[in-house]
Amino acid sequence: MNPKLKEKTLESLSAVLPITGIVLFISIFLVPMELGTFVMFLTGAIMLILGMGFFQLGAEMAMTPIGEGIGVQISKTRQMILIILIGFIMGVIITISEPDLQVLAEQVPSVPNYTLILTVAIGVGIFLALAIVRILLQISLSVILTVLYIALIIISFFVPSDFLAVAFDSGGVTTGPMTVPFIMAMGVGLASVRSDKNAASDSFGLVALSSIGPVLAVLILGCFFKPTEAAYTLTGVANVSTTQDVVKEFFIGLPIYLKEVMISLLPIIAVFIIFQFLCHRYQKRQRKRIFVGFAYTYLGLVLFLCGVNIGFAPVGSFLGEKLSSLSYRWILVPIGALIGYYIVKAEPAIQVLNHQVASVTNGAISVKAMNRCLSIGVSVSVGLSMAKVLTGLPIYWIIIPGYIISLLFSKFVPKIFVGIAFDSGGVASGPMTTTFLLPLSIGACNAVGGNIMTDAFGVVALVALTPLIAVQMMGIVYEYKLKKTEKVSVQEEATQNFEDEILEFKEEFDDDRS
């Protein structure tokens, strides 16, 4: 077995095992689950582990070098109009290739699917172009984010409440496993040609700005369309009684994801071929490695999406509905928080982000520290989401204070943490959130008789919000420790100098005496 693939698979195993353990605990002590249902869940978990392993290796071999190469090439281009055009086209192509966007489009009946998809894609394209220009012109990320989020909040007051949660969810949905590795690598490539002190911090922020684009675009769309109902249908748990039934269920779904992922990957492969034809950047060995990476990415995403959608999603809605039907339904809040703590580690793009952060900061911000910080942030957000479902609390009361706090933090933390924080918000809300936490939220909402559009939707938006605060708090602690270490170093140096002077004076005194 490829040592690198083995390493990635073991990482995936350690990320998925806790979630499996939590579901097993719930099925034994709180919500009895049929054996066939649990076998479906376990099969999905195994496919998820293997899929994550292949995907992470594929992203490292293909997406990262392509993104970096395009970023470096854009930096060498002096024509700003061409740079903006390339950024816009890349944003549109990558967004349309995101599988989760198709799922979102199905949930909004009053807007035609292609209208919503094109609106979101244009939003990402415009803001990816803006993010590239920001890096090249060295404009403060904090200033741009503050202006854009203020505009976003103001526009949200003119949008129907039924449309609001979907709009904020769209920001998280579009920064999925296809988009994140490519865009993050592009940021590193753009900043790599610079030698100034802010180059490392400016390599982050592309995902952050690309996440704002679709939210703003869908909010504007909401001013023209008036949604009145949710078209979400709860995914039922498949009725299986034998192992053959389980295998059959996954084989029925497999062709769908084989086609879906191929459609998603083809535009990126086309971009690579055109880029290579124009620039001749990659040697024969590199090209071979990239195509092998594409194969790993394809296999990984097919296994991941098939396992998550067929094995995980139905169990998520089942648990949400059953837990909310208990007399002590409040238990859904701590259980949601516990699931949130571990589920973020199973997001394929999260590990790409964490390794990118560790690489750019030369290990100053470790993968372990990022995992812990994001886990705490998502744990809080899922707990809040479950509380929102049970109480009907409007999303305004959480989203607006949350963004105000995160924007205030951005004025005080080191620049690099601002980019990492706002990038991590988009990355944390990936396929695991949309296919397990969203069904969990909808199942619970259905059981308590709430409004699915206003109460259940929004979990993706909240998962994208709390890492902004958590990572910036880590930045404040990091800066405090750094200053403390520097202070101790200065004191130790002063003490050492004083001791050296005393010793020198003593030697001179002894020489004079002799």
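Using a 4.5 Å cut-off on side-chain heavy atoms (C-beta onward), F54 and V302 make no contact. A 4.5 Å side-chain heavy-atom check between L30 and I331 finds at least one atom pair inside the cut-off. Counting heavy atoms from C-beta on, the side chains of I212 and F422 never come closer than 4.5 Å. Residues M63 and I268 form a side-chain contact, since some pair of their non-hydrogen atoms from C-beta on lies under 4.5 Å apart. Here the side chains of L462 and I399 are in contact, with some heavy-atom distance below 4.5 Å. A 4.5 Å side-chain heavy-atom check between R281 and V72 finds at least one atom pair inside the cut-off. K4 is listed as a side-chain neighbour of E60, based on a closest heavy-atom distance under 4.5 Å. Looking at heavy atoms from C-beta onward, I469 lies out of side-chain contact with V380 at the 4.5 angstrom threshold.
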Item checked: side-chain contact (heavy atoms from CB on, under 4.5 Å) between I263 and K259, intermediate numbers included -> CA-CA 6 Å; I263 292 170; K259 181 183 176 182; 3.9 Å; yes
Note to self: Set out, in order, the CA-CA distance, both residues' side-chain angles and the distance that settles side-chain contact (heavy atoms from CB on, under 4.5 Å) for S381 and L465, then state yes or no.
What the structure shows: CA-CA 8 Å; S381 64; L465 170 65; over 6 Å; no
Check: When you look at V477 and Y480, which way does the side-chain contact (heavy atoms from CB on, under 4.5 Å) test go after all the steps?
Finding: CA-CA 5 Å; V477 173; Y480 170 75; 5.6 Å; no
Margin query: Please determine whether side-chain contact (heavy atoms from CB on, under 4.5 Å) holds for the pair I339 and V382, giving the CA-CA distance in whole Å, both sets of side-chain angles, and the decisive distance to 0.1 Å.
Written below: CA-CA 8 Å; I339 291 172; V382 179; 5.6 Å; no
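Panel note: side chain E479, backbone V413; no donor-acceptor pair is recorded below 3.5 Å. T466 places a side-chain N or O within 3.5 Å of a backbone atom of G377 that can act as its donor or acceptor partner. With hydrogens and angles disregarded, a donor-acceptor distance shorter than 3.5 Å links the side chain of S441 to the backbone of A456. Side chain of S379 to backbone of A337: a donor-acceptor contact under 3.5 angstrom is found. Remark: side-chain polar atoms of S210 are not paired, donor with acceptor, to backbone N or O of V207 under 3.5 angstrom.
Centroid-to-centroid, the aromatic rings of F304 and F55 stay 6.0 Å apart or farther. Aromatic rings from F409 and F417 are positioned such that their centres are separated by 6.0 Å or more.
Taking CG of D245 as the reference point, atom NZ of K248 lies at 5.5 Å (rounded to 0.5 Å). In this structure, L24 CG and L17 CG are separated by 11.5 Å, a value rounded to the nearest 0.5 Å. With rounding to the nearest 0.5 Å, the separation of CD1 in I269 from OG1 in T297 is 9.0 Å. Atom CG of residue N354 and atom CD of residue E11 lie 9.5 Å apart, to the nearest 0.5 angstrom. For the atom pair CG of L301 and CE of M262, the computed distance is 11.5 Å after rounding to the nearest 0.5 Å. In this structure, the separation between CD1 on I343 and CZ on F312 is 7.0 Å, given to the nearest 0.5 Å.
The two residues Q73 and C279 make their nearest non-hydrogen contact at CG-SG, 3.7 Å. In plain terms, the two heavy atoms of G87 and L128 that are nearest each other are O-CD2, 3.5 Å. Taking all atoms of both residues into account, the shortest heavy-atom contact from A444 to L332 is CB-CD2, 3.5 Å. Closest non-hydrogen pair, G425 versus L468, comes out as CA-CD1, 3.6 Å. A pairwise comparison of heavy atoms in M52 and S12 identifies CB-OG, 3.1 Å as the closest pair. Taking each heavy atom of P314 and S317 in turn, the nearest pair found is O-OG, 3.0 Å.
Every residue two or more places apart in sequence or in another chain that forms a side-chain contact (heavy atoms from CB on, under 4.5 Å) with L10 is listed here: K6, L13. Listed by chain and residue number, M80, I84, L137 satisfy the side-chain contact (heavy atoms from CB on, under 4.5 Å) test with V133 (two or more places apart in sequence, or in another chain).
In F250, the CZ atom is crowded: over 12 heavy atoms of neighbouring residues, nucleotides or ligands sit closer than 6.0 Å. Taking a 6.0 Å sphere around CE of M47, one finds it holds more than 12 heavy atoms contributed by other residues, nucleotides or ligands. Heavy-atom contacts from other residues, nucleotides or ligands closer than 6.0 Å to CD of E34 number 12 or fewer. No more than 12 heavy-atom neighbours from other residues, nucleotides or ligands sit within 6.0 angstrom of CG on L35.
Put simply, the residue from K288, R287, R289 that forms a side chain to side chain contact (heavy atoms under 4.5 Å, CB included) with Y282 is R287.
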